[in-house]
Amino acid sequence: MRWIAFIIMIVMALIRIGEGKGEGTPPMTDSSGIRNLFGVCVYSFMCQHSLPSLITPVSRKKHLTGLILVDYFLVLSFYSLLCFTAIFCFSSGSLMDMYTLNFSGCSPFVPAVIGYFLGLFPVFTISTNFPIIAVTLRNNWKTLFHREGGTYPWLVDRIVFPLITLVPPIIVAFCTNHLEILVSVTGAYAGNGIQYVIPAFLVFCSRKDLTLVYGPDSSNKHRSPFRQAGWVWFVLFWALSCFIYVTANIILTDGL
């Protein structure tokens, strides 16, 4: 469904641009958006959710690197095409943070059925993804506070863990509708840790443990081309840069 929505938005924007009705006149450069770009880029880690479903079924992983490169290239192509059509189709003043709302039923150049579908598309995705993510987070809470040989009381298991899972996102939803800030904050802080910090430390500790178990001369034929330790430090440096830039953007833009 996600790719269908992407294709519909790209095609509708291209049709409008082709008819000469595009309102976008982007400048060659705009340095004011660089700070927010870091948080948005980190938030794009969502495309990595498809990697396990791509890697697990492959029995012969000889050409796995090429498969992942093709996957990333397709994702980059769709994102780039979606962004560039949006830039030239809509003016910066009328472009909504939730991009699908630009194609809602109130837009005269979009058929009503397609407009309603795109307007409700975030509802469809959240309705399907949120329960899965919430159950996963609840189970992670249980694992984090698990006591060896012990079980949780009914109140804690059925009430406390679901509440600490559901209450924070509900509070955020009622407190703000500023999507740009939400994307920046979740991307720079939560996404930063999930995509950069935790994997970097996992790679560092795993390589150290592998050396202790199999010796310094052990080799893996499926090892990454980025096997040097300098790449781990580069990822951590990039994570720190994203953290600093997005924090500066929030402070300078909103005066928080």
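- The distance from atom CZ of R207 to atom CG of L212, rounded to the nearest 0.5 Å, is 14.5 Å.
- F201 and W233 fall within a single hydrophobic cluster, where Ile, Leu, Val, Met, Phe, Trp and Tyr are joined by side-chain heavy atoms under 4.5 Å apart, directly or via other members.
- In this structure, the side chain of D157 does not engage the main chain of P153 through any donor-acceptor pair within 3.5 Å.
- Taken from SG in C89 to CZ in F84, the straight-line distance is 15.0 Å, to the nearest 0.5 Å.
- With a 6.0 Å radius and a threshold of 12 heavy atoms from other residues, nucleotides or ligands, F161 has its CZ atom above the threshold.
- Atom OH of Y152 is surrounded by more than 12 heavy atoms from other residues, nucleotides or ligands within 6.0 Å.
- In this structure, V235 is a member of the same hydrophobic cluster as W238, with clusters built from ILVMFWY side-chain heavy atoms closer than 4.5 Å.
- In this structure, the side-chain contact (heavy atoms from CB on, under 4.5 Å) partners of R158, at least two apart in sequence or on a different chain, are W154.
- The distance from the OG atom of S241 to the OH atom of Y196 is 10.5 Å, given to the nearest 0.5 Å.
- Proximity of a side-chain donor or acceptor of T85 to a complementary backbone N or O of L82 within less than 3.5 Å is detected.
- Atom OH of Y79 and atom CG of L74 lie 12.5 Å apart (nearest 0.5 Å).
- The hydrophobic clustering, which links ILVMFWY residues whose side-chain heavy atoms are closer than 4.5 Å, places L137 and V135 apart.
- Enclosure of atom CZ in F130 by more than 12 non-hydrogen atoms of other residues, nucleotides or ligands within 6.0 angstrom is indicated.
- Taking CD1 of I170 as the start and CG of L163 as the end, the distance is 9.0 Å to the nearest 0.5 Å.
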Side-chain polar contacts of residues 4-15 - donor-acceptor pairs under 3.5 angstrom, sequence neighbours left out - could you list them?
none

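- Classification of the F234-W231 ring pair by plane angle, with boundaries at 30° and 60°, yields perpendicular.
- The structure places CG of N139 at 12.5 Å from CG of L144, a figure rounded to the nearest 0.5 Å.
- Within 6.0 Å of CZ on F78 lie more than 12 heavy atoms contributed by other residues, nucleotides or ligands.
- V156 and I164 fall within the same hydrophobic cluster, where Ile, Leu, Val, Met, Phe, Trp and Tyr residues are linked whenever their side-chain heavy atoms come under 4.5 Å apart, directly or through other members.
- Hydrophobic clustering, with ILVMFWY side chains joined whenever heavy atoms are under 4.5 angstrom apart, keeps V70 apart from F73.
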